[in-house]
Amino acid sequence: PPVSTLFPYSTLFRSFLLFFFLMIRRPPRSTLFPYTTLFRSTELIGNARPGINLLKLLLDKKPRLPEPLLQRPDLTHRLEELIKYRKVVLLTGTVHKGKTTLAQLVSSTLCPDTWLVNLTERRFNEIDNVLLALAGEIESGNCPDLIVIDDLEISPAALQVYRDSLALVIQRASSAGRGLLITTRGGTNNLAVAQSFNEVELLDVPELSSNNIGALCVEHGCPHEIANYWGSFLFAETSGHPKLVQVRLSDLAARDWPSPSVKDLTTQSSVVTSVRQLARQLLSDTAPGPDRKSTRLNSSHTDISRMPSSA
């Protein structure tokens, strides 16, 4: 056919060759930079887990052990045995029972590089994101053999927000053979977790007995001949609540363990009064629901809010 009739096709053919050449030719690096940066940014955003930065921040904030330190060997041994069998343990009890201290003592013995995730004063949505990030770290294997989730609120309102993420952490910790220890925020409903998660082993932190307190008096410098007297007196004064016993031990040690007097028996310690007032405030802040007066978890627990006060 005439050349003029071939012109449109030859033009189209040349355009196709040019397009093919450009496709197989590697573009200069300078032209690729914006696209590769965009692709990398998109990949990073897609792979980032919500709450991972907050999780890392919380891992850097480990609470200090209190002074004087109350050693509770029987309770500590029982908790150690549960963790050794890779049980998911939930430590329960009202405020200032020593749950965090107990978790620190056990974790330092069993796994010095334990992760302690302190959730004190964190909002529910923040806790949800942190738990999701923690579940991801457990799945990837980037965590130690023992993880402590400290001061977790488990009221119905809280679990409504992060029940699924907490269940995911529990499931992945069990599957990966990681120990998981959870301490609860005082004043919240512990029974909600027991009903929601079958894998959880509940361990309540009890009050100290008169004999326990007497032994602690001796450990902190009290002469043996008056240790039983002070043990009985402190038990009557504090109802065996660990925090109240702790502040009284510190006070008596500072006074070089005087013999009990009539004044001691008739006058309440100012430090005990201060701790009771703080405990009432903490209980009122954490008690769920409109009725904040009901803070007693069960009849076996010491209700600090109902203790008499000299204030």
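This structure is a prediction, so every number in the text was calculated from the model and none was measured.
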**Report entry** Trace of the side-chain contact (heavy atoms from CB on, under 4.5 Å) decision for Leu110 with Ile83
**Finding:** CA-CA 9 Å; Leu110 298 181; Ile83 294 177; 3.8 Å; yes

Query - CA sep, side-chain torsions, deciding dist, call: Leu152, Arg185, side-chain contact (heavy atoms from CB on, under 4.5 Å) - result: CA-CA 5 Å; Leu152 178 70; Arg185 189 172 301 176; over 6 Å; no

Treating [X] as the side-chain partner and [Y] as the backbone partner, does any N or O pair qualify as donor plus acceptor under 3.5 Å?
X: Trp230; Y: Ser259; result: no
X: Arg178; Y: Ile138; result: no
X: Arg172; Y: Ala135; result: yes

Return yes when atom [atom1] of [X] has more than 12 non-hydrogen atoms of other residues, nucleotides or ligands closer than 6.0 Å, and no otherwise.
X: Arg123; atom1: CZ; value: no
X: Gln160; atom1: CD; value: no
X: Glu225; atom1: CD; value: yes

If every non-hydrogen atom of [X] is compared with every non-hydrogen atom of [Y], which pair is closest and at what distance?
X: Leu249; Y: Cys217; value: CD2-SG, 3.8 Å
X: Thr94; Y: Lys99; value: O-NZ, 3.0 Å
X: Ala227; Y: Val218; value: CB-CG2, 3.5 Å
X: Tyr162; Y: Phe124; value: CD2-O, 3.6 Å
X: Leu116; Y: Gln104; value: CD1-CG, 3.9 Å
X: Pro206; Y: Pro242; value: O-CG, 4.3 Å

Side chains of [X] and [Y] in contact at under 4.5 Å (non-hydrogen atoms):
X: Leu203; Y: Leu82; result: yes
X: Leu134; Y: Leu168; result: no
X: Thr109; Y: Glu80; result: yes
X: Ser107; Y: Trp115; result: no
X: Lys97; Y: His241; result: yes
X: Leu181; Y: Leu90; result: no
X: Val161; Y: Ile127; result: no
X: Leu58; Y: Glu126; result: no

Report task. Let me see the working for Val169 and Ile149 under side-chain contact (heavy atoms from CB on, under 4.5 Å), right down to the final yes or no. Result -> CA-CA 10 Å; Val169 170; Ile149 300 176; 4.2 Å; yes

If I take atom [atom1] from residue [X] and atom [atom2] from residue [Y], how far apart are they, to the nearest 0.5 angstrom?
X: Gln171; Y: Leu166; atom1: CD; atom2: CG; value: 12.0 Å
X: Glu207; Y: Asn212; atom1: CD; atom2: CG; value: 11.0 Å
X: Thr184; Y: Asp151; atom1: OG1; atom2: CG; value: 8.0 Å

Query - Polar side chain donor-acceptor pair, Asn211 to Ser209, under 3.5 angstrom - result: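 Ser209 and Asn211 do not have a side-chain donor-acceptor pair below 3.5 Å.
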
**Report entry** Side-chain donor-acceptor contact under 3.5 Å, Ser250 with Gln246
**Finding:** no

Report task. Report the residues that fulfil salt bridge (charged side-chain N to carboxylate O under 4.0 Å, His left out) with Arg72, sequence neighbours left out, ordered by chain and then residue number. Result -> none

Report task. Any chance you could lay out the side-chain contact (heavy atoms from CB on, under 4.5 Å) test for Leu131 and Asn129, step after step, and finish with the verdict? Result -> CA-CA 5 Å; Leu131 292 175; Asn129 288 333; over 6 Å; no

Requested in this report: In plain terms, say whether Arg122 and Glu153 are close enough for a salt bridge, that is, a side-chain N and a carboxylate O under 4.0 Å apart.
Outcome: no

Requested in this report: Inspect the contact between Asp74 and Arg78 and indicate whether a charged nitrogen and a carboxylate oxygen are less than 4.0 angstrom apart.
Outcome: no

